[in-house]
Chemist: 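A single structure is presented below for examination.
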Amino acid sequence: MGLSRKYGTAITEGPTPADVAGQAALPYPDGWAAVAFSEELTRGKVLTRPLAGEDVVLYRLGTGALRAVKPYCPHLGAHLGLGRVDGEDLVCPFHLFAFGPDGACVRTGYETAPPRSPLGQYPVCEVNGAVFVWRHHDGRAPDWTVPEWHVVGHRPARSGVWEMAGHAQEVIENSVDLGHFATLHGWRRAETGGPVRYDGAEFRLSMRAHESAPVLGEFTVDVRVEGYGLAALHVDVHTPRVGLRMCTTVLPTAIGPNRMQLRQLNRLTFDEPARLPAPLARAVSRAATRVLDRAVFKASCAFTAADFPVWHHKQYVQPPRLAHGDGPIGPFRRWARRFYPPQPVTAPASAGRTGTHPGPGSGAEVTPGADGIPSPAPGGSSRRDGTPGRVGAPEPGLPERPERPSPH
């Protein structure tokens, strides 16, 4: 007998997203995190973006300089994301208290002496077409930088941004997960060009992918990756058979327990054909770039998006049960420990309990896991506000809105 119309309602089914699965992710990573593209912050613009369970208010002064501040006015707590920029000052929407570039209150809305109540400011930098904010669990000042990367081609970059469940480390770790390039992305074979090199907050690796296509036959793709912290990847791709050169910037940002935003920015060009005279070769290269720019960008986004369902639903496993062919995941995780708070000290057995401490901003208790990386305990809030997910947030996939070239 079939279900009656009354009881035939939809039920929840399928994999549970990682941010509502009842277990918090790793703690928020320390360091720089991208919160916007440069093009989004025009002069006088005020933006509010999530970062590590809190809002960050961004604004650009009349001089072009950027500021990143804590969201609530020290006067009576109005949200400064509703404020406006007046010259070099950020003006609170409530009592019109104005704060100068150094965060100091310079005037009130009723011509009285301003109080000595400065804004809480974050270190902020602008590089590679993105805006980065520094956050550290113990308030430490920046001790490493995101360098300026080279660019290719003459056309503006194309950019995309998505939001989904998952942790920023998973995105950065993918670059050393050689096995998934074949099983998920369709590369016939991937091999590294040598050991991964780690230097402070930076790591570098090179690899060669072997692919085949109906028209091209078998061909190779040379890839060079530079990673900075757990928030920035710069990927150089060269396909000699067709002369394609592409720079891709991948920027995952932890915004809540087991939830992230992911930004991607692409530039590309084609090699000038060596057999043609220089002016003609340049014209051919530019024409090919102009015609194929959009299609190559969409293909690059589709390559990244193949990981979205996995990131959206996976849980961080530590220690992993690795197999031959996985790639150097273990050394990467040992390097990644530097971006988290120190592991908690276990209380003496006589204390009658094991030592726990809250992961930064996660709202969950964590205990030391293997390899020194804190392992979250169940029961943490899944979101900043404790709700399952953001209203209206789409399931991860390719961007529904048309991508737009960046003006820089």
Side-chain angles (χ1 to χ4, degrees), residues 149-150 152 160 166 168-199 202-228 230 232-250 252 262 264-271 288 292 295-314 316-336 396-398:
W149 295 314
H150 70 276
V152 299
Q169 179 175 320
E170 304 278 15
V171 179
I172 306 299
E173 185 175 297
N174 256 25
S175 58
V176 300
D177 183 354
L178 297 184
H180 97 288
F181 288 116
T183 58
L184 190 62
H185 296 291
W187 287 1
R188 292 179 56 244
R189 189 171 79 255
E191 55 198 19
T192 59
V196 181
R197 292 175 293 165
Y198 296 97
D199 183 10
E202 174 186 352
F203 74 92
R204 295 170 181 260
L205 74 149
S206 62
M207 68 181 78
R208 170 165 288 181
H210 299 264
E211 295 197 60
S212 62
V215 177
L216 296 176
E218 294 190 1
F219 61 97
T220 60
V221 180
D222 294 319
V223 181
R224 290 186 295 125
V225 178
E226 300 175 29
Y228 295 88
L230 296 180
L233 287 176
H234 181 251
V235 185
D236 273 310
V237 177
H238 182 213
T239 308
R241 176 70 68 87
V242 296
L244 170 65
R245 296 182 184 271
M246 181 170 64
C247 285
T248 300
T249 303
V250 180
L262 180 66
Q264 179 169 316
L265 187 145
N266 286 51
R267 291 184 174 88
L268 66 90
T269 190
F270 284 87
D271 293 337
L292 296 174
V296 173
F297 174 71
K298 290 179 70 68
S300 178
C301 288
F303 186 92
T304 305
D307 288 285
F308 288 0
V310 176
W311 292 333
H312 190 65
H313 298 100
K314 81 185 297 292
Y316 183 81
V317 174
Q318 180 64 27
R321 302 298 189 259
L322 298 177
H324 181 71
D326 282 332
I329 294 174
F332 174 88
R333 290 194 174 185
R334 289 192 289 274
W335 168 80
L398 291 177

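The first residue of the sequence shown is numbered 1, and numbering continues consecutively from there. Here the structure is a predicted model, which is why all the values come from computation and not from measurement.
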Chemist: Please report the closest heavy-atom contact between Leu230 and Ala336, naming both atoms and the distance.
Modeler: CD2-CB, 4.1 Å
Chemist: Nearest 0.5 Å, please: how far is OG1 in Thr239 from CG in Leu244?
Modeler: 5.0 Å
Chemist: What is the minimum heavy-atom distance between Gly160 and Phe297, and which atoms define it?
Modeler: N-CZ, 4.1 Å
Chemist: Find the distance between CG (Asp222) and CZ (Arg208) and round it off to the nearest 0.5 Å.
Modeler: 4.0 Å
Chemist: To the nearest 0.5 Å, what is the distance between CD1 on Ile329 and CG on Asn174?
Modeler: 8.5 Å
Chemist: Name all residues meeting the salt bridge (Lys or Arg N to Asp or Glu O under 4.0 Å) criterion together with Asp236; count only those two or more places apart in sequence or in a different chain, and write none if there are none.
Modeler: Arg224
Chemist: Can you check whether Gly243's main-chain N or O pairs, donor with acceptor, with Arg245's side chain at less than 3.5 Å?
Modeler: no
Chemist: What are the two closest non-hydrogen atoms of Phe270 and Val242, and how far apart are they?
Modeler: CD2-O, 3.5 Å
Chemist: Identify, with sequence neighbours excluded, every residue that meets salt bridge (Lys or Arg N to Asp or Glu O under 4.0 Å) alongside Glu211.
Modeler: none
Chemist: Please assess Phe332 against Val196 for the test side-chain contact (heavy atoms from CB on, under 4.5 Å), listing each intermediate value before the final yes or no.
Modeler: CA-CA 9 Å; Phe332 174 88; Val196 181; over 6 Å; no
Chemist: Can you label the angle between the His185 ring and the His180 ring as parallel, tilted or perpendicular, going by 30° and 60°?
Modeler: perpendicular
Chemist: By ring-ring contact (aromatic ring centres under 6.0 Å, His included), which residues pair with His150, not counting sequence neighbours?
Modeler: His234
Chemist: Could you tell me the separation between the CG atom of Leu233 and the CD atom of Gln264, rounded to the nearest 0.5 Å?
Modeler: 10.5 Å
Chemist: If I take atom CD1 from residue Ile172 and atom CH2 from residue Trp335, how far apart are they, to the nearest 0.5 angstrom?
Modeler: 7.5 Å
Chemist: Which heavy-atom pair separates Ser175 from Phe181 by the least distance, and what is that distance?
Modeler: O-CE1, 4.1 Å
Chemist: Is a side-chain N or O of Arg241 found less than 3.5 angstrom from the main chain of Glu218, in a donor-acceptor match?
Modeler: yes
Chemist: Main chain of Pro309, side chain of His313: is a donor-acceptor contact present, judged purely on distance under 3.5 Å?
Modeler: yes
Chemist: Does Leu262 form a side-chain contact (heavy atoms from CB on, under 4.5 Å) with Thr304? I'd like the steps, not just the answer.
Modeler: CA-CA 10 Å; Leu262 180 66; Thr304 305; 4.0 Å; yes
Chemist: So which heavy atom on Pro328 is nearest to which on Tyr198, and how close?
Modeler: O-OH, 4.4 Å
Chemist: So, taking the atom named CZ in Arg267 and the one named CE in Met246, what distance separates them when rounded to the nearest 0.5 Å?
Modeler: 13.0 Å
Chemist: Tell me, with the steps shown, if His238 and Asp271 meet side-chain contact (heavy atoms from CB on, under 4.5 Å).
Modeler: CA-CA 10 Å; His238 182 213; Asp271 293 337; 3.3 Å; yes
Chemist: Are Gln169 and Arg333 side-chain neighbours, meaning at least one heavy-atom pair lies under 4.5 Å?
Modeler: yes
Chemist: Would Glu226 and Arg204 pass as an ion pair if we require N to O under 4.0 Å?
Modeler: yes
Chemist: Where is the tightest heavy-atom contact between Leu184 and Ala306, given as atom of each residue plus distance?
Modeler: CD2-O, 3.6 Å
Chemist: Do other residues, nucleotides or ligands put more than 12 heavy atoms under 6.0 Å from Arg188 CZ?
Modeler: yes
